[in-house]
Amino acid sequence: MKKGIVYFLLLFVLGCSIGPKPIIYGETSCHFCSMTIVDKQHASQLVTKKGKVFNFDAIECMLNHLNEVEAQKMGLLLTNTYHDPEDLMDATKATFLISEGIPSPMGEYLTAFKTLEEAQKAQKEHEGEIFTWEELRARFRK
């Protein structure tokens with residue numbers, strides 16, 4: 001009997017882990033706009049503190065969704081980056097470039113980069129404006 005309870009608790013704890021889940025490109029739909037997620041450089045993901053996952057085809061969809069939900073319920077804000085498509089990173093630590101030289105799925109021309117240096121290099125090639133996460137959030141709250 002006690003072994004059963006221990007196994008149940010172990011499965012419960014492991015099954016409720018909060019973390020990113022793989023995005024199945026070409027099949028998964030964006031939670032905000034319902035488009036199928038195909039662009040691996042611009043996808044993003046939000047994981048609530050309870051472990052519920054919301055996938056987005058573009059960073060701008062996640063930002064628009066954040067305007068509609070309670071921020072304290074959010075656990076992880078993740079984004080793919082220009083040079084490492086499919087590898088989700090903490091969006092709050094990324095640097096963002098809005099440049100018409102790099103189209104994004106929803107037409108905001110918004111792309112994430114792992115570092116400021118990567119964003120600056122892309123800015124030299126494609127022009128545009130660089131943002132931190134907080135600056136980007138403020139821009140999308142308007």
Side-chain angles (χ1 to χ4, degrees), residues 3-142:
K3 276 188 180 179
I5 293 171
V6 171
Y7 287 127
F8 173 76
L9 289 174
L10 182 62
L11 286 173
F12 179 76
V13 169
L14 293 176
C16 294
S17 65
I18 297 173
K21 303 288 188 268
I23 298 171
I24 303 169
Y25 297 92
E27 292 182 27
T28 304
S29 294
C30 175
H31 178 75
F32 187 77
C33 73
S34 301
M35 287 179 54
T36 301
I37 302 171
V38 294
D39 186 334
K40 297 175 183 180
Q41 289 180 317
H42 293 96
S44 59
Q45 188 175 87
L46 184 155
V47 183
T48 67
K49 289 181 179 176
K50 291 185 177 184
K52 187 170 182 176
V53 175
F54 297 95
N55 294 299
F56 303 94
D57 69 330
I59 302 159
E60 50 261 41
C61 283
M62 180 171 69
L63 287 162
N64 287 320
H65 177 73
L66 286 171
N67 290 330
E68 300 175 355
V69 296
E70 296 176 47
Q72 66 268 22
K73 292 184 179 181
M74 302 307 113
L76 300 171
L77 302 168
L78 306 163
T79 186
N80 287 350
T81 60
Y82 187 72
H83 295 294
D84 292 307
E86 295 186 72
D87 290 335
L88 291 164
M89 73 166 285
D90 183 342
T92 66
K93 292 182 167 73
T95 301
F96 301 88
L97 176 65
I98 295 179
S99 170
E100 291 186 15
I102 307 173
S104 62
M106 297 305 294
E108 291 286 338
Y109 303 100
L110 175 58
T111 305
F113 293 86
K114 281 189 176 182
T115 65
L116 174 60
E117 292 76 22
E118 287 181 359
Q120 289 171 330
K121 185 175 178 182
Q123 183 186 37
K124 284 180 184 174
E125 183 179 343
H126 301 284
E127 298 182 346
E129 190 175 351
I130 291 178
F131 296 87
T132 64
W133 174 253
E134 286 306 317
E135 292 167 338
L136 198 59
R137 286 280 288 139
R139 180 181 174 117
F140 275 80
R141 281 188 193 113
K142 295 178 181 175

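Predicted model only: the values in this text are computed from it and were never measured.
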Check: Lys49 and Met74: side-chain contact (heavy atoms from CB on, under 4.5 Å), yes or no, with the steps?
Finding: CA-CA 6 Å; Lys49 289 181 179 176; Met74 302 307 113; over 6 Å; no
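Taking both residues in full, the closest heavy atoms of Pro20 and Leu78 are given as CB-CD1, 3.5 Å, listed atom of the first, atom of the second, then distance. Pairing each heavy atom of Phe131 with each of Glu135, the nearest pair is CA-OE1, 3.3 Å. Nearest heavy atoms, Ile130 versus Leu97: CG1-CD1, 3.9 Å. Closest of all the heavy-atom pairs between Ile37 and Ala43 is CG2-CB, 3.9 Å. Across Ile18 and Val47, no two heavy atoms sit closer than the pair CG2-CG1, 3.7 Å. The heavy-atom pair separating Ala94 from Thr79 by the smallest distance is CB-CG2, 4.3 Å.
Taking the side chain to side chain donor-acceptor pair (under 3.5 Å) definition, one finds that Thr111 meets it with His42, sequence neighbours left out. Residues forming a salt bridge (Lys or Arg N to Asp or Glu O under 4.0 Å) with Asp84 (at least two apart in sequence, or on another chain): Lys114. Applying the side chain to side chain donor-acceptor pair (under 3.5 Å) criterion to Thr36, with sequence neighbours excluded, gives no partner residue.
Side-chain contact annotation: Gln41 with Thr81, donor-acceptor N/O pair under 3.5 Å absent.
Note that OG1 of Thr48 is 9.0 Å distant from NZ of Lys73, once rounded to the nearest 0.5 Å. Taking CZ of Phe54 as the reference point, atom SG of Cys30 lies at 11.5 Å (rounded to 0.5 Å). For the atom pair Leu66 CG and Leu46 CG, the distance stands at 5.5 Å (nearest 0.5 Å). To the nearest 0.5 Å, atom CG of residue Asp57 and atom OG of residue Ser44 are 8.0 Å apart. Interatomic distance, Glu60 CD to Leu136 CG, rounded to the nearest 0.5 Å: 9.0 Å. One distance of note links CD of Glu68 with CG of Asn64; it measures 7.5 Å at 0.5 Å rounding.
Contact annotation: the side chain of Asn80 approaches that of Leu88 to within less than 4.5 Å [non-hydrogen atoms, C-beta and beyond]. The closest side-chain heavy-atom distance from Ser29 to Met35 is not below 4.5 Å.
By the 30° and 60° cut-offs, the orientation of the rings of Phe32 relative to His65 is perpendicular. Between Trp133 and Phe96, the two ring planes are tilted [angle within 30° to 60°].
Checked against the 6.0 Å centroid threshold, Phe113 and Tyr82 count as a close aromatic pair.
A side-chain donor-acceptor contact under 3.5 Å links Ser99 to the backbone of Glu127. Here the side chain of Gln45 pairs a donor or acceptor atom with the backbone of Lys21 at under 3.5 angstrom. At least one donor-acceptor pair under 3.5 Å links the side chain of Gln123 to the backbone N or O of Gly128. Between the side chain of Asn67 and the backbone N or O of Phe140 there is at least one donor-acceptor pair closer than 3.5 Å.
Salt bridge absent: Glu134 and Arg137 never bring a charged side-chain N and a carboxylate O closer than 4.0 Å.
Partner Thr28 forms a side-chain contact (heavy atoms from CB on, under 4.5 Å) with one of Asn55, Val53, Val38 and no other, that one being Asn55.
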